[in-house]
Peer 1: 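Got a structure for you, written out below as structure tokens; questions coming shortly.
Keep in mind it's a predicted model, so treat the numbers as computed, not measured. By convention in this document, chain letters (A, B, ...) are assigned in the order of the sequence lines, proteins followed by strands, and residues within each chain are numbered from 1.
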Amino acid sequence: MKKKYIVTLSFLLMTGLMSFAQTSEPFVSNCVLNAGPDAKYLKDFRVQLGQSTARSELRYKANMSLWKNTKYRFSMCNAQDSKGKLIMSIKDETNKTILSSFDKNSGKIYPYVDFVCNKSGIYQLYYDFYDGQQGSGVGVVSMVK
Amino acid sequence: MNGRAFLIVILFVCLSCRNSSNKPSEFVFPEADSVPLTEAEKLSPEAIADISKNISSPVEIANLLQTLEIPFSQNYIAASIDANKQSTNFDKALKLGILGADLGYLNMYEKTGSSLDVLSSIRKLADDIKVGQFFDFESIKRLSQNKSNLDSLLFISIDSYTKIDNYLRENERGQLSALMIIGVWIEGQYLATQVVNQFPDKRLSDRIGEQSIILGDLLLLITPYCNRDSEFKSLCEDLRIIKDKYRDVKISYTQGEPVSVEKNGALVITQTETSNVEMSKEQLDGIIEATKIIRNRLILNN
């Protein structure tokens with residue numbers, strides 16, 4: 001009986017993991033398509049984080065070159081099982097914050113931010129879930145006219 | 001059903017699912033591909049991943065060309081590449097990158113007829129270096145024929161290349177990933193320099209000048225492999241020649257604070273800080289010429 005329980009549990013765990021792997025792709029492509037009719041896909045960042053134990057900087061970091069005379073759209077989508085909402089910020093090479101999708105004063109979280117870039121360079125993109133919560137999500141970078 | 005039989009069913013289901021998507025464990029890589037680098041030669045995986053994300057996307061260059069109303073030209077495509085005549089993995093990976101950039105250009109201009117030829121070559125090259133399973137040929141082909149779905153087409157094309165790049169790096173085949181990335185960059189650079197030669201424009205020449213920002217990273221990516229064999233040595237030398245042409249190109253900056261505006265519930269940030277490229281006509285001409293010579297040599301069939 002105990003054996004059967006373990007085997008059944010293993011089965012459920014494994015099929016759960018497999019279905020996550022198989023469904024993450026449509027989730028990302030849906031997020032890409034929801035960036036708007038005028039947006040052209042460039043890159044995505046797939047973020048999966050556990051509950052943070054300490055309040056700190058946004059935990060997921062990636063670099064990306066952004067080019068002058070280009071309007072970028074940074075969209076964020078959350079998986080259904082996420083406890084927190086995906087937020088992001090961008091810093092330049094001097095570590096100066098250029099934008100944040102989270103307004104500290106109003107507490108508002110924007111699902112996307114448009115950025116008119118006028119300085120070419122390598123920027124640091126930071127992602128996390130609001131308040132360091134657990135979650136899965138995707139940040140999509142597109143170009144808009 | 002007893003426990004053992006149930007376990008066998010589970011294992012069968014798991015293995016079937018794995019086999020239905022990616023099959024990395026089935027591949028046997030050519031020995032020369034899997035020689036590990038010494039620790040001193042290695043860049044951290046995070047650093048390499050960052051560099052690969054920093055390379056200016058050919059889609060961005062094609063987008064700039066469209067903004068400038070530059071007409072499409074088949075002459076910029078590396079149509080002479082014959083996927084069947086690439087004998088080494090070096091050639092295959094480099095040309096996979098070059099054709100990837102061309103695919104981005106074709107997709108942006110919705111040139112579906114030409115993109116099918118490029119797609120076939122890409123599939124052959126990807127299969128040859130055992131990464132064809134990441135290239136979603138059928139979906140890309142289908143979307144190429146359906147012009148209304150450009151964003152899906154861009155997503156699947158770019159995502160296929162990202163998966164190939166990740167897989168190569170994670171499987172001790174970083175040199176092929178580096179070649180692919182450099183191929184993409186060189187072809188994007190060729191496209192931009194050929195267009196600016198024909199349609200001079202400050203925004204486009206600035207974008208070419210700004211490539212100095214990432215050229216150092218590109219060299220960093222390839223340097224660990226420069227002494228691997230004569231092909232890598234020659235490519236490293238080519239990149240150093242291009243970098244040398246950028247030696248006196250300067251980028252200056254003006255300071256400013258970003259301006260935030262909320263429009264229809266969305267946040268729009270405009271950067272007031274600017275970068276400015278200082279590049280003479282002679283410097284630009286030198287970059288155009290060096291890029292042309294190197295790229296045209298690289299697309300020759302063996």
Peer 1: If every non-hydrogen atom of B:L106 is compared with every non-hydrogen atom of B:S115, which pair is closest and at what distance?
Peer 2: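 Residues B:L106 and B:S115, closest heavy atoms: CD1-CA, 3.7 Å.
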Peer 1: With sequence neighbours excluded, tell me which residues meet salt bridge (charged side-chain N to carboxylate O under 4.0 Å, His left out) with B:E210.
Peer 2: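 Per chain and number, B:E210 pairs via salt bridge (charged side-chain N to carboxylate O under 4.0 Å, His left out) with B:R207.
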Peer 1: What is the distance from atom OG of A:S29 to atom CG of B:D151, rounded to the nearest 0.5 Å?
Peer 2: 10.5 Å
Peer 1: Which bit of A:Y112 comes within less than 4.5 Å of chain B, counting heavy atoms only: side chain, backbone, both or neither?
Peer 2: both
Peer 1: If you count heavy-atom pairs within less than 4.5 Å of chain B, which of A:K108, A:R73, A:K145 leads?
Peer 2: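 That would be A:K108.
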Peer 1: Applying a criterion of heavy atom separation less than 4.5 Å, what residues of residues 83-95 of chain A form contacts with chain B?
Peer 2: A:D92
Peer 1: So does A:G139 get a backbone contact from the side chain of A:D44, meaning a donor-acceptor N/O pair under 3.5 Å?
Peer 2: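 Not confirmed, A:D44 side chain does not pair with A:G139 backbone.
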Peer 1: Taking the basic N atoms (NZ, or NE/NH1/NH2) and the acidic carboxylate oxygens, is any pair closer than 4.0 Å for B:E257 and A:K96?
Peer 2: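 Salt bridge between B:E257 and A:K96, a charged N being under 4.0 Å from a carboxylate O: yes.
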Peer 1: Drop me the distance from A:F129's CZ to A:N78's CG, to the nearest 0.5 angstrom.
Peer 2: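 Reported value, rounded in 0.5 Å steps: 6.0 Å.
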Peer 1: Look at atom CD of B:E138 and say whether more than 12 heavy atoms of other residues, nucleotides or ligands are closer to it than 6.0 Å.
Peer 2: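 Enclosed.
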Peer 1: Could you look at A:A35 and say if it's the side chain, the backbone, both or neither that has a heavy atom under 4.5 Å from chain B?
Peer 2: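 Answer is neither: A:A35 stays 4.5 Å or more from chain B.
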Peer 1: So which part of B:F155 gets closer than 4.5 Å to some heavy atom of chain A, the side chain, the backbone, both or neither?
Peer 2: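 When you check distances to chain A, atoms from both the backbone and side chain of B:F155 fall under 4.5 Å.
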Peer 1: Under a 4.0 Å N-O cut-off, is there an ion pair linking B:D159 with A:R46?
Peer 2: yes
